[in-house]
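Okay, handing you the structure first.
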Amino acid sequence: MDFYISWSHSDARFSDYFEYCPTLVSAVNRNKNVFKKLTNYPSKLIIDSGAVYYSRKGRNKLKEIFEMQLSLIESMPETTPIKIVHLDEPLLNRNTLSERYESVERTLFNALEHMNLFERNGLDKNVSLMGVIQGFDFPSIKYSIHELKKMGYKHFGLGSMLDKSPKEQIEYITYVSNIVGPENLHIFGVTGLEQIKEMASLGVESFDSSRPSMAAVYFQIMYSEPFRTYLISSTRVNKTQEKIDKPLSCDCPICIVNPDEIINTTHRSFTKKRSIHNYYHLVKEIEKIKSSVEIC
Ligand SMILES: [Zn+2]
C-alpha cells in the first residue's frame, strides 16, 4: 500500500528528502511549475483534477484541465508511474436526491470525456487514468463503478469521505474494495490511523493525505514508536493536546542537522521542515501498520 503525500506548490519538497515519495498534486494553475523546482522527482504520481478549485471557479473546462495535467507531467521520466484523475462534481452541499443524482451523472460524463481525450492523445504506457467513484449510498456507488468499468476504467479512486465518520468510511472502503478489487483502488484524503489499518488489511493499493503538512501548520509535531502528536508549547493554541518545548531524539533528515528547527514557529521555512519531520514519522507508522498486517 502506497501513501501519497497530497502536495502543492507552497509545501515542503518532500521528494528532495525522501527517495521513495509517491505524490498527489492537483492540476490547478498555481501548481503549474511545481515539479521544475525539485531536484528529485516523486517516485509515483497522481495528478488530481483540482475539483474543488474548479467548482469554486464555476467553470468546467474539461479540456483545459486535461491539458494542464499533461503539462504537469511533461518533464517526468517515462518510468514514473502516473495516474490522471478526471474532474468530479463534489457531492457536498447537494441535499436533494435529484441534486445528488445530477452530480453523479455529471461526474460520469466528465469521466467519459476524459477517457476520450486520453485515448485521442495516445499517452505513454506509464500514464493511466483513474476513475472517481461517486455516490451517496451503496446502490449509487455500485452504479457509478459499473458505468466507469463500461468506459474502460481499470483504476478507481474513492473520494467524498470527509463528511463521514471513521466507521462509515471503513464500510464504504470495504464495499468498494470488494467490487473493484483492492489492488485497483485509491482512497482520497485519509487522515485517521484507524482507516489506514483497515485499508492495509484489505490490501488497498494506495491512499493520500496532507496530514504531515497540515499538522505542521497547526504547530503539531509527530513522533513514532509509539505514534503520537504534540503541540509546540510556545504557541498560543489552546488545545488540550500534550505540549513540548524541546525536540525529542529523532533521525529524520531535518533533526539530524538541527533538531531545534522543527520547534521554531517564527517563519514558514520552519513549518516546511516540521512537515518533513512529520512525514518521516507518519511513513514509519504506516510501514509498521503494514508489516503487522502481513504478519497476521
Ligand atoms: Zn525529526
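First listed ligand is number 1; within each ligand, the first listed atom is number 1.
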Determine whether more than 12 heavy atoms belonging to other residues, nucleotides or ligands lie under 6.0 Å from atom CZ of Phe270. yes
Checking side chain to side chain contact (heavy atoms under 4.5 Å, CB included) between Pro42 and each of Asp16, Thr23, Thr80, which is the one that passes? Thr23
Going hydrophobic residue to hydrophobic residue with side-chain gaps under 4.5 angstrom, can you get from Tyr20 over to Phe18? no
Which protein N, O or S atoms lie under 2.8 Å from the Zn ion (ligand 1)? Cys250 SG, Cys252 SG, Cys255 SG, His277 ND1
With a 6.0 Å cut-off (strictly less than), is the heavy-atom count around CZ of Phe227, excluding the residue itself, greater than 12? yes
Quick check on the hydrophobic clustering: are Leu38 and Ile254 connected, directly or via other members, by side-chain heavy-atom contacts under 4.5 Å? yes
What class does the angle between the rings of Tyr172 and Phe138 fall in, given that below 30° is parallel, 30 to 60° is tilted and above 60° is perpendicular? tilted
